[in-house]
Amino acid sequence: MNEEKDMADAYAALVDYRASIDNIDAALIHMLAERFRCTKAVGVLKASHGLPPADPAREQQQIARLRQLAKDAHLDPDFAEKFLNFVVREVIRHHEQIAASNGVTKTG
Ligand SMILES: O=C(O)C(=O)C[C@]1(C(=O)O)C=C[C@@H](O)C=C1
């Protein structure tokens, strides 16, 4: 195989992989948007019933579950835990904002 053809094939493969990466990133954004839509409703529910924004026991269950799922899927469990913590910290920040505004949330 000559060098030019080898490079052209490599670039074609790269473009192909990137198309999949773009689709996966779009799916992640949509899934995260749906998760936050749901957790905002949870924030309103918690605030209107005087429940605390964070539930550490629930988080421990989620971490154990996601670590196992990650292992089964050959994904680094430490990364899965860090990712969950990153998302949950943001959710708790939203819950706190909702509670501070008396359980009333803005849409959009
Ligand atoms: O399940 C809850 O109680 C939530 O508020 C949701 C959620 C989450 O994002 O998964 C966020 C904060 C809690 O500490 C635990 C879980």
Side-chain angles (χ1 to χ4, degrees):
M1 193 187 286
N2 69 44
E3 226 170 274
E4 261 176 41
K5 166 95 172 74
D6 191 39
M7 269 320 257
D9 286 352
Y11 275 115
L14 183 60
V15 166
D16 217 37
Y17 285 132
R18 283 179 175 172
S20 276
I21 289 166
D22 286 346
N23 283 343
I24 292 164
D25 287 348
L28 283 173
I29 291 299
H30 287 119
M31 285 191 284
L32 278 171
E34 197 56 22
R35 192 184 196 285
F36 277 102
R37 199 177 66 82
C38 187
T39 55
K40 282 190 177 171
V42 170
V44 172
L45 189 74
K46 283 185 164 183
S48 61
H49 290 80
L51 294 167
D55 184 339
R58 164 73 175 152
E59 288 178 36
Q60 285 314 305
Q61 291 167 354
Q62 289 170 292
I63 288 167
R65 176 170 174 270
L66 285 199
R67 287 189 69 91
Q68 188 56 53
L69 285 172
K71 266 184 216 159
D72 294 346
H74 308 290
L75 179 72
D76 179 357
D78 291 340
F79 172 76
E81 180 171 345
K82 272 188 256 176
F83 178 72
L84 180 73
N85 280 332
F86 180 67
V87 172
V88 169
R89 296 284 78 81
E90 181 69 4
V91 170
I92 291 170
R93 200 176 65 78
H94 293 171
H95 285 358
E96 287 167 348
Q97 281 175 347
I98 293 166
S101 61
N102 289 322
V104 178
T105 183
K106 293 185 187 113
T107 50

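Both ligands and their constituent atoms are indexed starting at 1 by order of listing.
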Heavy atoms from other residues, nucleotides or ligands near CZ of Arg37 exceed 12 (cutoff 6.0 Å): no

Tell me, please, which residues at least two apart from Asp78 pass side chain to side chain donor-acceptor pair (under 3.5 Å). Arg67

Do any nitrogen or oxygen atoms of ligand 1 lie under 3.5 Å from a protein nitrogen or oxygen, and which ones?
unit_1   : atom_1 : unit_2 : atom_2 : d
ligand 1 : 3 (O)  : Lys46  : NZ     : 2.6
ligand 1 : 5 (O)  : Lys46  : NZ     : 2.8
ligand 1 : 5 (O)  : His95  : NE2    : 2.8
ligand 1 : 9 (O)  : Arg35  : NH1    : 2.9
ligand 1 : 9 (O)  : Arg35  : NH2    : 3.4
ligand 1 : 10 (O) : Arg35  : NH2    : 2.8
ligand 1 : 10 (O) : Gln62  : NE2    : 2.8
ligand 1 : 14 (O) : Asp55  : N      : 2.8
ligand 1 : 14 (O) : Glu59  : OE2    : 2.4

Would His94 and Glu90 count as a side chain to side chain contact (heavy atoms under 4.5 Å, CB included) here? Give the steps. CA-CA 6 Å; His94 293 171; Glu90 181 69 4; 3.1 Å; yes

Judged by atom type as modelled, is there a donor-acceptor pair below 3.5 Å linking the side chain of Lys46 to the main-chain atoms of Leu51? no

Between the side chains of His30 and Glu34, is a donor N or O closer than 3.5 angstrom to an acceptor N or O? no

Which pair of heavy atoms, one from Pro77 and one from Lys71, lies closest together, and at what distance? CG-CG, 3.7 Å

